[in-house]
Amino acid sequence: MRRLAPQTEEAVRARIGYFRDLGIFDFYRRDCASGETSLADEPELELAAEEAAPESPTMPRAAGPVPSLSILEERGAPVAPKDKTAALEAIREELRDCQRCPLAKLGRHTIVFGDGDANARLMFVGEGPGADEDAQGLPFVGRAGQLLNNMIAAMGLKREEVYIANIVKCRPPQNRVPEPEEAHTCSPFLFRQIDVIRPEVIVALGSTAATYLLGAKSPLAGLRGRVHSFHGSKLIVTYHPAYLLRDPNQKKAAWADLQIAMRELGLKKSS
Ligand code: URA
């Protein structure tokens with residue numbers, strides 16, 4: 001693989017950053033005539049795309065193309081706070097009546113894009129919409145959502161101050177876990193939302209969120225209690241609120257995880 005000349009690389013980065021500021025996020029690769037170096041030859045770009053969805057026996061990659069060539073994963077081109085809402089809307093607009101994965105035809109009524117402050121310092125990522133979310137088009141509005149609201153309030157924050165989204169934006173039938181193909185097809189849109197919002201801290205709610213944000217499946221117990229990273233944000237893993245509703249004994253452990261998030265955000269513990 002040939003590298004771009006340093007000045008060309010710099011110019012390409014600047015140009016992509018400029019397009020990103022305009023709300024344009026998709027870049028498609030085109031083969032160049034021999035002797036020229038294409039974006040596809042850029043090792044860092046290929047690595048970034050691989051990192052978004054690594055191949056593993058438990059997480060097969062989706063068959064189709066990755067929706068965006070994510071040079072943006074390097075976070076080289078910040079979006080100005082005033083432009084973040086527009087940048088998120090551009091992603092929402094691109095999804096339209098999404099038919100990219102099987103969930104589109106498995107009974108979903110609404111695409112649950114995500115909700116909250118585009119400039120949030122804290123973001124929560126769940127698994128996928130349930131029946132209430134599918135009906136209302138908003139994440140975490142059912143029983144698990146009420147518990148999440150309480151968790152957010154316990155941190156001293158308002159729901160409107162954080163951003164909430166899911167690994168998949170359409171309801172899996174019978175609330176089953178999203179299939180790898182569905183998660184790999186949908187999650188790049190979530191990653192782009194994260195790249196726009198750039199939260200300081202992301203809290204992964206449950207195993208599905210942790211698996212697809214960290215790029216590997218591992219037992220939740222081994223992931224909790226530590227600070228991971230995702231696209232430059234600190235990533236903390238905790239139990240899914242639906243699991244806490246089934247096993248309230250784990251709420252204490254979840255609160256310990258949220259306190260790690262609070263520490264990273266410099267939020268004071270309430271007495
Ligand atoms: N469970 C999730 O993972 N996400 C929601 O939005 C609601 C319930």
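Numbering of ligands and ligand atoms starts at 1, following listing order. Residue numbers count from 1 along this sequence.
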Ion pair Arg108/Asp97, N-O distance below 4.0 Å: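 Salt bridge present between Arg108 and Asp97.
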
Sidechain N-carboxylate O distance under 4.0 Å for Glu182, Arg176: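 Judged by the 4.0 Å cut-off on N to carboxylate O distance, Glu182 and Arg176 do form a salt bridge.
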
Sequence-distant partners of Ala256, side-chain contact (heavy atoms from CB on, under 4.5 Å), two or more places apart: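 Counting only residues at least two positions away or on another chain, Ala256 forms no side-chain contact (heavy atoms from CB on, under 4.5 Å).
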
Which residues share a side-chain contact (heavy atoms from CB on, under 4.5 Å) with Asn249, sequence neighbours left out: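 By the side-chain contact (heavy atoms from CB on, under 4.5 Å) rule, Asn249 matches Asp247.
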
side-chain hydrogen bond (donor to acceptor under 3.5 Å, both in side chains) partners of residues 135-150, not counting sequence neighbours, each pair once: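 Those involving residues 135-150 are Asn149-Arg159.
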
Contact residues of ligand 1 (heavy atom under 4.0 Å), by chain and number: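 Within the 4.0 Å shell of ligand 1, which is judged on heavy atoms, sit Gly126, Glu127, Gly128, Glu133, Pro139, Phe140, Asn166, His240.
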
Aromatic ring proximity Phe124/His240, centre distance under 6.0 Å: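 So the answer is no for these two rings.
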
